[in-house]
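To start, the structure under review is shown below, and the notes come after it.
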Amino acid sequence: MTNISQTNPVLDVKNLAVTLTIYGRPVPVVTNVSFQVRAGEAVALVGESGCGKTMTARAIIGLPPDGARVGGSIQLEGRELTTLSKKDRRKLGGSRIGFIFQEPMTSLHPTLTVGAQLCDTLRTHLDLGRKEARDRAAQLLDRVGIPRATAMLDSYIHQLSGGMRQRVMIALAVSCKPALIIADEPTTALDVTIQAQVLDLLKEMRSELGLAMLYITHDLEVVSDFCDRAVVMYAGDIVEEGPVASILTAPHHHYTRGLIGAIPAHDEDRKRLTLIKGQVPPLGAWPAGCRFAPRCPRADEVCLKHPALEPFEESAVRCWHPVELKKKETSTLG
Amino acid sequence: MVKQTTASSPLLQVEDLGKTFGQKPPVQAVRGVNFSIAQGQTFGLVGESGSGKSTTGRLVLRLLEPSAGRVLFRGNDLGKLGKKELRQERRHMQMIFQDPYGSLNRWMSIRETLEEPLLVHGLLDPAGRKQRVETLLNEVGLPKAALDKYPHEFSGGQRQRIAIARALVTEPELIVADEPVSALDVSVQAQVLNLLLNLQESHKMTLLFISHDLRVVEFMCDQIAVMYLGQIMELGPRKAIYRTPQHPYTRALLDSIPGRGKKELPRLKGEIPSPSAIPPGCPFNTRCPLAFDRCFREQPALYELSPGHVSACHLAEAEGQPQGRPNNIAMSPGTGA
Amino acid sequence: MGKYIRRRLLHALPTIFIPLVLVFFLLRLAPGDPAVQILGDNATPEQIAALRTQLGLDQPLPIQFLLWLKGLFTLQLGDSLFFHKPVLELIPAYAAVTLQLTFFALVIAMVIGLSAGIAASLLRGKILDRGIIGVMVFSISLPEFWLALVLIFVFAVTLRWFPVAGYVSFDEGVWASLATLVLPALAIGVRQAALLTRMTRSAMLDVLDEPYVTTARAQGLPEATVIGRYTLRTAAVPVVTVIGLSVSYLLSGAVAIELIFSLPGMGKLLVDAVSRRDYPVVEGSVLTIAVTLVVVNLIVDLVYAWLDPRIRLK
Amino acid sequence: MSLEQSDNLVVEQAQTLDSGEVELPAAVQPWTTWKRLRRNFTAVFSIGILVILTVCALAAPLLTNNAPLTIDPVHRLRAPGVEGHLFGTDYLGRDVFAIVLFGGRTTLVVGLLVTAISMVIAAVLGLLSGFYPKVDAVLMRVVDGFMSFPSIVLATAAAGYFGPSVATVILALTIVLIWPSLRIVRGSALVARELLMVEAGRSVGVPESRILWKYVFPIVRAPILVQTSFIFSAAVLGEAALSFIGLGVDSKTVSWGSALTEARNYIQNAWWIAVFPGIALVLTILALNLLGDALRDILDPRLARR
Amino acid sequence: GDSATATPPAATTAAAGSTPAAGAATTAAAGSTTAAGAATTASAVKRGGDLKIAVSALPAQVDPVVSTLGTQWLIATQVCEGLFATDDNYAPQPMLAESSSYDPNGPTFTVKLRTGVKFQDGSTMTADDVVASLQRYAGSAGTGAILKGLVKEIKATDASTVVMSLNQQTGIIPALLTLTPAVIMSKASINGANSSTPVANPVCTGPYKVTDYKPDQQAVLTRFENYTSRTDPTNGAAGAKPAPADRIIIVPQSESSVRRDSLLTGSVDIATGLPFDFYDALNSNSAVKPVIIKDNQSLTMVFNTKQGPTANVKLRQAIYYALDMDPIMQAAIGNPNFYSIDPSWYPFPNAIWHSTSGADNFGKSNPDKVKQLLADSGYKGETLRWLTSKDNFNEWYLPAQTVQQQLDKYGIKVDLQLMPAATVAQKRTDPANFEIFSSFLPAYPDPTLIPYLQSTFPGFWTNSTKDDLVKKLQTTSDQSQRVEIWNQLHALLYQEFPYIKFGTEAAFSAVGKNVMGYSTSPANASVFYNISPGK
Ligand SMILES: Nc1ncnc2c1ncn2[C@@H]1O[C@H](COP(=O)(O)OP(=O)(O)OP(=O)(O)O)[C@@H](O)[C@H]1O
Ligand SMILES: Nc1ncnc2c1ncn2[C@@H]1O[C@H](COP(=O)(O)OP(=O)(O)OP(=O)(O)O)[C@@H](O)[C@H]1O
Ligand SMILES: [Mg+2]
Ligand SMILES: [Mg+2]
């Protein structure tokens with residue numbers, strides 16, 4: 001929270017809470033999530049499966065699942081979104097916020113051509129004629145590195161390879177030059193080589209358009225040379241937040257530490273990985289205090305109380321016993 | 001009759017293995033693959049999606065009929081075994097699948113699941129089976145109470161443990177693990193990887209480990225083969241592959257590992273071609289940043305760079321010895337187009 | 001595409017041939033003698049025997065079968081034993097009635113089914129949705145002949161809006177013709193409408209849950225576009241299946257309705273012909289129905305291909 | 001006649017399965033099915049109706065002193081409640097209450113047997129077809145052939161051979177209703193065949209017969225179960241339809257379908273003859289359809305919202 | 001041949017007529033009509049308009065010769081005429097014949113034709129047309145065979161005289177020629193067609209001609225304006241034919257409730273063949289008039305007299321004396337208005353052939369006699385297989401069921417075997433298949449035409465006395481002698497019981513309130529050409 005730029009945040013989320021109704025019972029999925037994304041900044045939202053990353057993103061774009069209740073405040077470029085009418089809010093999607101989904105195969109329409117989908121968005125938000133929109137769409141495809149862009153406008157998504165599909169998805173997200181891009185695990189389904197290509201493209205788009213970006217991932221390493229800050233989530237909570245470099249090399253939360261230790265290190269003789277014991281508690285069965293306490297090596301009675309997200313060194317940590325920086329040198333990280 | 005292997009010969013030997021699916025157009029999933037795995041070793045197969053890793057794994061276990069080549073397991077040609085003999089042989093070779101949700105029969109309790117291989121192979125008496133199943137469950141770190149539960153009552157990591165226990169229950173000599181941790185979260189992945197290492201040591205088993213995650217392969221394997229379009233591009237001991245990779249493809253792969261940007265080569269362009277339309281010459285020629293005219297004409301042979309380290313690249317010709325067997329694909333039908 | 005159609009038709013040959021062979025043997029092995037049916041019971045055994053010879057029924061079954069096969073391949077289906085007319089001349093008039101009925105029933109089913117299904121899916125869980133589901137399940141549970149009699153009582157006898165029964169062909173007056181078809185079309189259309197509602201609703205719900213619909217919404221497209229352009233077309237694929245099935249059902253399944261409303265359609269022709277043992281007519285009808293079904297299925301497949309480029313571009 | 005179109009859903013399901021785009025019900029677990037069933041109001045409600053109707057049919061002799069076939073022409077067309085006839089009497093002076101009770105026996109037995117026989121045959125053939133491509137190629141042509149065969153011809157032929165009887169009706173309906181179910185089972189089996197767990201079983205060395213029985217059958221069980229209730233209702237409706245065109249059960253037997261058919265001339269002047277068996281019939285089919293929908297929700301989360 | 005489907009007046013084709021009460025109402029309403037009993041006069045009815053009639057089914061074609069099924073003659077009855085026609089009492093009257101006479105010395109039967117009678121194609125009828133038609137009829141199945149048996153040769157001696165040389169003396173030819181298949185068609189239209197090939201467009205002399213014919217949709221009959229009517233008064237099918245309606249439109253409606261509803265909504269003027277239970281509702285509806293055609297047909301059971309237990313006459317007698325007819329008829333028909341307990345095998349009381357001879361105390365059971373006869377018969381409780389069908393519910397199934405109940409009291413076991421009517425018709429041809437089958441029997445213009453009396457009729461009753469009597473009946477031309485012979489035959493039936501009659505059933509139709517001129521006689525219930533829609 002200290003070394004980020006001082007511009008106004010593009011996205012300012014405060015105390016976001018999402019509660020789902022499962023079998024008629026309200027079940028919290030996201031609680032107390034607050035973070036900011038500034039112009040030109042990329043923030044990684046990291047966490048294991050089911051910790052509420054996607055839910056957070058969907059709450060931000062105003063498309064939570066049926067029957068979900070969303071609490072807290074979401075401000076985009078200073079405008080409060082939660083009080084906007086449904087229609088006005090809808091208009092922001094595609095124009096001010098671009099969204100990139102995890103699975104381009106299912107997130108793009110199977111029976112509309114790539115061009116049609118692009119033109120739909122373009123013509124919804126920009127005052128463009130049919131022809132102009134098509135030209136624009138071709139430019140966009142060209143920009144995201146799709147060869148023979150004009151011809152590709154008439155192709156269907158199933159005719160494209162995985163990487164191409166994700167490029168189309170990116171083209172769609174940036175088509176109206178939004179202020180913010182939310183990318184939900186955009187490379188998880190891709191091969192490493194393609195992942196690298198897509199990340200390169202995202203990087204380019206970001207600098208070219210001055211985008212703020214919220215990058216959702218479960219793999220910290222993916223974002224290490226890409227994001228400025230990382231927000232680590234665990235069981236619906238933010239447990240740690242700070243500059244990526246510092247989180248990767250000197251995590252303060254025991255959970256973050258565990259996550260990093262679990263990544264097989266390069267060029268070392270086989271030795272066992274550091275483990276987080278146990279598993280993520282299922283929805284609706286979160287412990288009352290610190291949600292990580294049952295798996296935490298440092299847990300004690302204090303941890304029966306829910307800790308707050310407190311600034312700690314250059315980050316913010318939700319932990320009663322944060323790991324101190326000095327001890328880090330001896331940690332297992334390479 | 002199934003012969004016993006002698007200690008010195010490799011446990012598994014794969015010779016010119018090829019597999020073509022379908023006819024119009026034929027999908028050449030695996031072409032002329034050769035490797036062998038010594039007892040107790042972990043052999044890694046890496047490559048992009050569609051490079052033929054899983055198919056190779058299945059061919060090894062003869063869950064698929066190869067279109068070409070043969071698999072020698074414990075010195076026996078699996079292709080020569082009858083249906084029944086093959087089924088019996090299966091107790092010595094088992095598989096762990098990527099998807100722990102799909103690979104367990106969800107209508108069978110954990111006890112049934114684990115006892116089934118023993119049952120169908122007629123091993124042990126009921127008491128012995130019970131005993132064995134309980135021991136194994138303990139070894140993979142699950143409580144005894146788990147026995148009478150059903151797969152859905154477990155998390156992904158736990159299910160993968162169960163799948164591992166099932167693979168081990170007949171004390172097989174070879175286990176083919178097809179992306180056993182790809183579906184798991186990092187923290188759980190670490191647990192399972194540690195478990196696999198422990199078990200391999202205690203059971204002295206041989207592992208064919210398939211993964212697309214170079215970090216995991218590096219962590220697990222002694223020998224690594226990099227596959228591309230059904231062929232082995234480079235094969236060698238772990239250190240050789242990771243420290244001195246020769247093949248541009250291997251190097252590109254290593255460059256793509258997130259967060260380790262040392263970048264020797266420019267980014268790979270484009271994507272892996274379809275295995276039904278494999279480019280002539282070196283299959284990698286469409287994407288290789290170092291490709292030159294020969295690559296488009298001529299299929300490179302496998303060159304030995306150092307003992308056990310081979311690469312199928314024309315650029316390796318200068319450094320290495322051509323290996324006895326050229327890495328050619330003559331044995332897989334449908335090539336040459 | 002042409003090749004595809006040819007292959008489909010080739011595949012369809014057994015679909016046509018099996019029912020024909022089946023009907024040949026079923027009819028001839030079942031008791032009941034067409035000669036008796038034609039001459040009436042006052043005929044003497046000699047007269048019946050003479051007629052059997054004339055009709056070729058005295059030949060051994062395998063010979064009859066071979067002759068019949070030969071006729072089939074030369075499209076000589078023979079004359080109706082009862083109407084004394086070539087089957088191929090007889091059937092078109094009946095088929096026309098059934099086709100009209102099918103068409104109207106289908107229009108009713110589609111108008112009700114599609115709109116109710118779409119409305120229900122968009123209001124999922126709301127009162128209207130539940131109401132639609134209730135009416136739909138109820139409609140599925142009504143025997144058609146029962147509904148037909150109730151419709152006659154209410155709309156023909158009490159309200160006198162439509163004629164009770166009978167058939168007026170188009171050339172005798174379009175409106176009169178339509179009026180005679182309204183009640184029968186309703187009687188069978190309601191059930192089809194209910195089935196269609198169910199399918200449309202579930203297909204819509206499936207599609208509405210698809211990530212690409214979320215994408216469309218996230219891109220800020222107006223809801224009308226999201227539903228009209230991004231949802232309906234993909235939801236239509238399973239719905240077309242059901243429509244195809246409805247058509248195939250209506251083509252031969254409306255017997256009771258045709259009997260009640262005295263419509264000279266294929267169902268009535270078939271029932272009468274079967275009970276009269278009018279072999280050529282039964283065989284001709286079965287052939288007609290089977291061929292029509294093949295055509296319907298082909299059309300359904302072509303519609304699929306039109307709706308879904310994944311099929312088209314394979 | 002609704003017997004041909006056993007139920008659109010049936011085939012519609014089959015087609016989705018055919019196209020292979022169905023992911024298998026992740027949450028189909030026998031041990032949770034019962035729990036979910038109990039929690040599902042529609043399911044409990046419809047099972048309740050079916051149980052009540054079944055009990056009434058079984059206990060028919062205890063509930064009424066009247067035999068359903070006793071003709072009493074002197075007391076024809078008595079209104080409900082008159083002379084101790086709870087539901088009145090029909091045009092032959094038979095007690096409508098008794099007809100409804102005893103007719104339920106026939107109708108439910110027809111429904112039950114048709115469902116049981118056709119489902120067993122469909123299950124066996126469907127499994128084989130889904131698992132052995134050679135069987136499949138032949139069987140699917142046969143299925144197509146049968147499905148384009150007008151069931152009326154079949155029913156008439158059956159009635160011709162065996163005379164009208166409950167058994168004939170069962171036979172005719174069974175033959176008609178096997179095919180859509182078969183396609184559903186086959187569809188599931190085709191999906192099941194490709195399942196990882198089946199390959200996993202093979203890799204362990206499980207023999208093919210055990211794979212079929214222990215791995216594949218449990219998967220097709222869920223669609224079979226759902227299908228069962230739809231087939232049941234199709235059979236009940238089919239019996240009524242057959243009665244209507246004069247191919248129903250013989251008149252030594254009463255059934256709801258035959259009662260309704262015989263009542264068709266009396267809708268206007270003796271409504272009770274038509275209305276009470278009608279209510280019983282509609283209620284049964286309603287309950288079966290609701291149950292089918294509920295089972296679908298329970299067994300197949302993908303279809304849960306239908 | 002079974003009576004069930006045999007002749008024009010069969011239940012299924014029933015038509016118009018009026019009860020005396022309803023007839024009176026008509027008189028009052030129309031103001032000009034005098035309805036005397038069953039017949040109405042031609043001059044009284046109003047001309048013009050379309051007469052629409054709902055029947056259960058239309059015949060497959062107009063030509064009546066190709067089928068012995070009475071239902072198949074419906075259209076020919078309206079558009080064609082024979083040499084003779086029945087009046088309302090089943091008596092044959094000349095129609096196209098001017099006069100006729102038997103000549104015992106030949107023997108021959110000579111018919112003088114009316115002259116100047118026009119066919120519907122405008123040509124004039126000649127003896128050649130008659131010869132061609134009758135020869136074709138003689139070659140047809142059923143009653144045609146009777147003519148063939150009687151006649152050596154049919155020839156035209158001049159343009160208006162036809163002479164039949166007979167094999168023997170007979171008195172039945174005029175009656176035989178009242179039957180619809182014996183109608184006269186122009187030779188040109190027959191065009192050489194044999195008896196089993198239908199004439200596509202028969203050209204006849206009737207008062208209406210077919211202008212549109214779609215067997216499953218409608219028959220449109222348009223008045224033949226050049227019709228050459230007789231001048232004697234209308235009586236049933238005989239006499240003058242006023243043809244009051246411009247068109248007669250007959251529509252097939254297989255559901256009886258639909259026929260009723262069509263009538264109630266005014267879309268048809270006449271609904272035929274209605275269930276008796278509709279009576280009360282129709283009777284109380286002022287827009288329509290119910291029409292009961294009394295004494296339409298006998299309900300019967302027929303025994304296998306060739307083999308099995310029922311070949312024993314004692315058992316048949318025992319069964320007869322075990323039966324109470326009224327409950328049987330009551331169960332079958334329901335409403336006493338619609339049946340009568342009448343032993344006559346010729347069910348129409350006004351006909352000269354009506355007979356009670358031999359039937360003592362008909363309709364009441366006689367338990368003592370039953371026991372005696374059963375003991376004599378040596379019946380050992382064999383199960384009697386009774387072929388019946390639900391297709392003819394009221395006529396076949398219900399009587400059978402009541403009879404079964406009644407016989408059960410005496411330990412006579414009946415197994416009711418239900419099957420489609422078509423199957424019954426086939427099964428009963430083999431005596432090994434049954435002991436009893438259900439049947440019914442209308443009146444015929446002549447007793448010799450009753451199919452039951454032929455020994456080929458299933459039941460296979462062969463009896464030399466019967467054969468002699470039938471032969472005598474055929475070869476006698478004196479009417480009063482013939483009645484006497486018929487009475488003897490009737491008495492024989494009540495000794496031998498090859499079949500048992502339960503009672504006589506009426507038929508039931510209903511007409512719109514303005515409809516005039518319909519007949520309530522079963523002889524002409526399906527004759528529509530004298531009826532006026534009254535609109
Ligand atoms: N529509 C829904 N109904 C019920 N529960 C849901 C729904 N959507 C998501 N959940 C649950 O909410 C929790 C948070 O889900 P979310 O998708 O935000 O996780 P995630 O962090 O994005 O995980 P992943 O890495 O798997 O995408 C999960 O436990 C998920 O099962
Ligand atoms: N049964 C099959 N029929 C046809 N093609 C197949 C079949 N199995 C695999 N293939 C094709 O063979 C090629 C290699 O597949 P394989 O599954 O071995 O790749 P992989 O390296 O395991 O990829 P992944 O990382 O996606 O699992 C792919 O193109 C695949 O589509
Ligand atoms: Mg997510
Ligand atoms: Mg794989």
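By convention in this document, chain letters (A, B, ...) are assigned in the order of the sequence lines, proteins followed by strands, and residues within each chain are numbered from 1. These numbers were taken from a predicted model, which means no experiment stands behind them.
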With a 3.5 Å distance limit and no angle check, can you tell me whether Thr180(E) reaches the backbone of Thr77(E) through a side-chain donor-acceptor pair? no

Measuring heavy-atom distances to chain C, does Val258(E) have an atom under 4.5 Å in its side chain, in its backbone, in both, or in neither? both

Just verifying a value: how many Å separate Asp79(C) CG and His84(C) NE2, rounded to the nearest 0.5 Å? 9.0 Å

Given that the side chain runs from C-beta out, which part of Lys427(E) has a heavy atom under 4.5 Å from chain C: side chain, backbone, both or neither? neither

With chain C, which of Ala200(E), Ala54(E), Ser254(E) has the greatest number of heavy-atom pairs at distances under 4.5 Å? Ser254(E)

Taking non-hydrogen atoms and a cut-off under 4.5 angstrom, which of residues 92-103 of chain C neighbour chain E? Tyr94(C)

Atom pair CZ/CZ of Arg385(E) and Arg428(E) - distance to nearest 0.5 Å: 15.5 Å

Taking the inter-plane angle between the rings of Tyr499(E) and Trp461(E) on a 0 to 90° scale, is it parallel (under 30°), tilted (30 to 60°) or perpendicular (over 60°)? perpendicular

Work out which heavy atom in Phe261(C) is nearest to a heavy atom in Val164(C); give both atom names and the distance. CD2-O, 3.4 Å

Side-chain donor-acceptor contact under 3.5 Å, Ser67(E) with Gln72(E): no

Output side-chain donor-acceptor pairs under 3.5 Å for residues 57-66 of chain E, partner residues at least two apart or in another chain, one line each.
| unit_1 | atom_1 | unit_2 | atom_2 | d |
| --- | --- | --- | --- | --- |
| Asp63(E) | OD1 | Val65(E) | N | 3.0 |
| Asp63(E) | OD2 | Arg136(E) | NH1 | 3.2 |
| Asp63(E) | OD2 | Arg136(E) | NH2 | 2.5 |
| Asp63(E) | OD2 | Val199(E) | N | 2.7 |

Should the ring pair Phe434(E) and Phe437(E) be called parallel, tilted or perpendicular, given that the plane angle runs from 0 to 90° and is split at 30 and 60? perpendicular

Using a heavy-atom cutoff of under 4.5 Å, enumerate the residues of residues 151-163 of chain C that contact chain E, numbered in order, or state 'none'. Ile152(C), Ala156(C), Val157(C), Arg160(C)

Residues of residues 277-293 of chain C contacting chain E, heavy-atom criterion under 4.5 Å, by residue number: none

Thr211(E) side chain to Val220(E) backbone, donor-acceptor under 3.5 Å: yes

From Leu263(C) CG over to Gln217(E) CD, what is the distance, rounded to the nearest 0.5 angstrom? 9.0 Å

For Asp58(C), is there an ion pair with Arg52(C) - N to carboxylate O distance below 4.0 angstrom? no

May I ask you to decide if Pro431(E)'s main-chain N or O and Asn304(E)'s side chain share a donor-acceptor pair within less than 3.5 Å? yes

Taking Lys268(C)'s backbone N and O only, do any of them form a donor-acceptor pair with Glu258(C)'s side chain (distance below 3.5 Å, no angle check)? yes

So for Ser257(E), is it side chain, backbone, both, or neither that comes closer than 4.5 Å to the heavy atoms of chain C? side chain

Can a donor-acceptor pair be found, under 3.5 Å and without considering hydrogens, that links the side chain of Arg259(E) to the backbone of Ala271(E)? no

